[in-house]
Asks: 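Mind having a look at this structure? Questions to follow.
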There are 2 protein chains.
Amino acid sequence: MNDQPHILVVDDHREIRDSVTRYLEKNGLRATPARDAVEMDAKLATGQFDLIVLDVMMPGEDGLSVCRHLSAKGDVPILMLTALGEETDRIVGLEIGADDYLAKPFNPRELLARIKAILRRTTLPETYAGTLSGRRIAFAHWTLDTDSRLLTDEDGAQVDLTGSELKLLVVLLERPRLVLNRDQLLDLKAGRAASPFDRTIDNQISRLRRKIEADPSRPRLITTLRGGGYCLAADVRELD
Amino acid sequence: MNDQPHILVVDDHREIRDSVTRYLEKNGLRATPARDAVEMDAKLATGQFDLIVLDVMMPGEDGLSVCRHLSAKGDVPILMLTALGEETDRIVGLEIGADDYLAKPFNPRELLARIKAILRRTTLPETYAGTLSGRRIAFAHWTLDTDSRLLTDEDGAQVDLTGSELKLLVVLLERPRLVLNRDQLLDLKAGRAASPFDRTIDNQISRLRRKIEADPSRPRLITTLRGGGYCLAADVRELD
DNA sequence: AGAGAATTGTCACGAAGTGTAACCGGGGCG
DNA sequence: CGCCCCGGTTACACTTCGTGACAATTCTCT
């Protein structure tokens, strides 16, 4: 069981990425490197992170832009890195949602200190209270209301879900078209690791399909990838 | 069974190209040589690669320019080779998107070590079913929906595909009228190399034909080129 | 707190998907 | 004309999945 804070290090320079990752790990944190915005998104989708260290200057999607997106969602704190030591950049960074800022070149110990400071400020157990309350999510011909645990058809037919069916469905809905294996699903849904030959998720999927698929023997919404896992094959949009 | 990482080695010097290719293969990787940017593009189109080793100095399109294009697409990591050991080049290389850099002349073992390091970092948890999700593709008298894995006739008749039939069909649909041999098909479909006497693809083709050909004993859509491979003989258009 | 109901995890068995081997048949070439 | 190479297809083995049954756990209501 590993409940150390998990840090995602996003920087396009290998040396910085790797040395930061190693340094954080040596100091008792978990750290995962990502090369750019694309890789970052992939890792965010399949893992749980407590903080993102983000370089401002990156090819592809720029750090500032990434930061704006992330902080709009607002669920993971951000520490920005930049080569420019100018005050204006600091202001801009903090304005668009970063939680702190550090100019390159920096002392790794200072980085660590700031990471810990942010974690102290932000570690509150509201992590997934937010994801399961007061949301309405539409996908395929269904609308899900997370408060009442009720799925409503476009014809008005209603199905209610049990707690764990709801969690599993939300995990899938938050990652449409992404292939998730049983380990990841169990981790994201229940926060625990799968034991070998664990068929829990299969069963949950089976029960969920019985409720949401038109023909549960020919699933179209939740598809199976043999040897891979499961995938929500539908477009999803959040209502408010 | 071979799902070793697949490396594309791009260098205009035959000796380097070949010795690197051989060395990587001796050490348990798959490696394919390419002489220049043109050949590289061809191989990328008909194979699935996990990393590209790219020489900076090349006739035709220059390595730096190639690298910029590739990293803009951003789906295959790059290790740059250069004869110049200057720091500026290193920075430039990394800035435009290379994942690592190695100066010639280099020790093959160091190259291997760096390749493995990049692969460790970039092997994502489980990527999008990317090309397999949310698409509708029309060809001949069929329409394929990749989400539901369903082929629909113009009369409305429907056929279900299995996961691997779908993958194979999409590989073909993305390369209409191009002859693909068994190695290429297996690489593109499953990311692995064919073992000698591997009849996997023949079987998949047979199963696919049974589902999509009007007369499976006289295939019109997927034609065989004796000694060559298979070819999708139909026009394809993507719907949205 | 305890009884009963609902939910969830585990086990087991059958079904389906996929790779491998073997056999068959056709066409080209000597 | 017969051999041989190559591809088509069938059969089968092995793995992975789906799901009913039941046990364990949690929830609810008194």
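Chain identifiers are assigned alphabetically (A, B, ...) following the order of the sequence lines, protein sequences preceding nucleic acid strands; residue numbering begins at 1 within each chain. The basis for the numbers below is simple: all heavy atoms, side chains too, and nothing from hydrogens, waters or symmetry mates.
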Asks: For B/L166 and C/dG17, give me the distance from atom CG to atom C1', rounded to whole Å.
Replies: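 About 14 Å, once rounded to whole Å.
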Asks: Quick one: which of D/dT16, C/dT8, D/dT19 gets closest to the side chain of A/D202?
Replies: D/dT19
Asks: So if I take every side-chain heavy atom of A/N203 and compare against C/dT7, D/dT16, D/dA21, which nucleotide ends up nearest?
Replies: D/dA21
Asks: Could you state the NZ-C1' distance from A/K167 to D/dT26, rounded to the nearest angstrom?
Replies: 12 Å
Asks: Tell me whether the side-chain N/O atoms of B/T200 come closer than 4.0 Å to OP1 or OP2 in C/dG19.
Replies: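 The answer is no; no side-chain N or O of B/T200 sits under 4.0 Å from OP1 or OP2.
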Asks: OP1, OP2 of D/dG18 versus side-chain N and O of A/T224: anything below 4.0 Å?
Replies: yes
Asks: Specify the separation, in whole Å, of atom CZ of B/R218 and atom C1' of D/dG7.
Replies: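 Distance, rounded to whole Å: 16 Å.
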Asks: Name the nucleic acid region contacted by A/R207, choosing base, sugar-phosphate or nothing; use a 4.0 angstrom heavy-atom cut-off, strictly under.
Replies: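 Answer is base: heavy atoms of A/R207 come under 4.0 Å of a base.
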Asks: Got a salt bridge between B/D160 and A/R218, using NZ or NE/NH1/NH2 to carboxylate O under 4.0 Å?
Replies: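 A/R218 and B/D160: salt-bridged.
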Asks: When you get a sec, tell me which of D/dT9, D/dG18, C/dG19 is the closest nucleotide to the side chain of A/Y230?
Replies: D/dG18
Asks: Atom CD of B/Q204 and atom P of D/dG7: how far apart are they, to the nearest Å?
Replies: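 B/Q204 atom CD is separated from D/dG7 atom P by 17 Å.
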Asks: Do A/I115 and A/V53 have side chains that get closer than 4.5 Å, going by heavy atoms?
Replies: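 Yes; the side chains approach each other to less than 4.5 Å.
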Asks: Whole angstroms only, please: what is the CG-C1' distance between B/L185 and D/dG7?
Replies: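 Rounded to the whole Å, the gap is 14 Å.
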Asks: Can you measure A/F197 atom CZ to C/dA12 atom C1' for me and round it to whole angstrom units?
Replies: 14 Å
Asks: Under 3.5 Å, is there any donor-acceptor pair linking the side chain of A/R226 to the base of D/dT16?
Replies: yes
Asks: Is the phosphate of D/dC17, meaning OP1 or OP2, less than 4.0 Å from a side-chain N or O of A/R182?
Replies: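 Yes, because at least one side-chain N or O of A/R182 sits under 4.0 Å from OP1 or OP2 of D/dC17.
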Asks: Would B/D147 and B/R136 pass as an ion pair if we require N to O under 4.0 Å?
Replies: no
Asks: Within this structure, what is the CZ-to-C1' distance between A/R210 and D/dA21, rounded to whole angstrom?
Replies: 12 Å
Asks: Given atom CG of A/D198 and atom P of C/dG9, what is their separation to the nearest angstrom?
Replies: 9 Å
Asks: Output the single nucleotide from C/dG26, C/dT18, D/dG18 whose closest atom is nearest the side chain of B/S164.
Replies: C/dT18
Asks: Taking only N and O in the side chain of B/T162, is any of them less than 4.0 Å away from OP1 or OP2 of C/dT18?
Replies: yes
Asks: Would you say the base of D/dG18 and the side-chain of A/R199 have a donor-acceptor pair closer than 3.5 Å?
Replies: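 In this structure, the two groups form a donor-acceptor pair.
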Asks: Can you check whether A/M40 reaches A/D36 side chain to side chain, under 4.5 Å on heavy atoms?
Replies: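 The answer is no; the side chains never approach within 4.5 Å.
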Asks: Would you say B/I7 and B/R30 make side-chain contact, with heavy atoms under 4.5 Å?
Replies: no
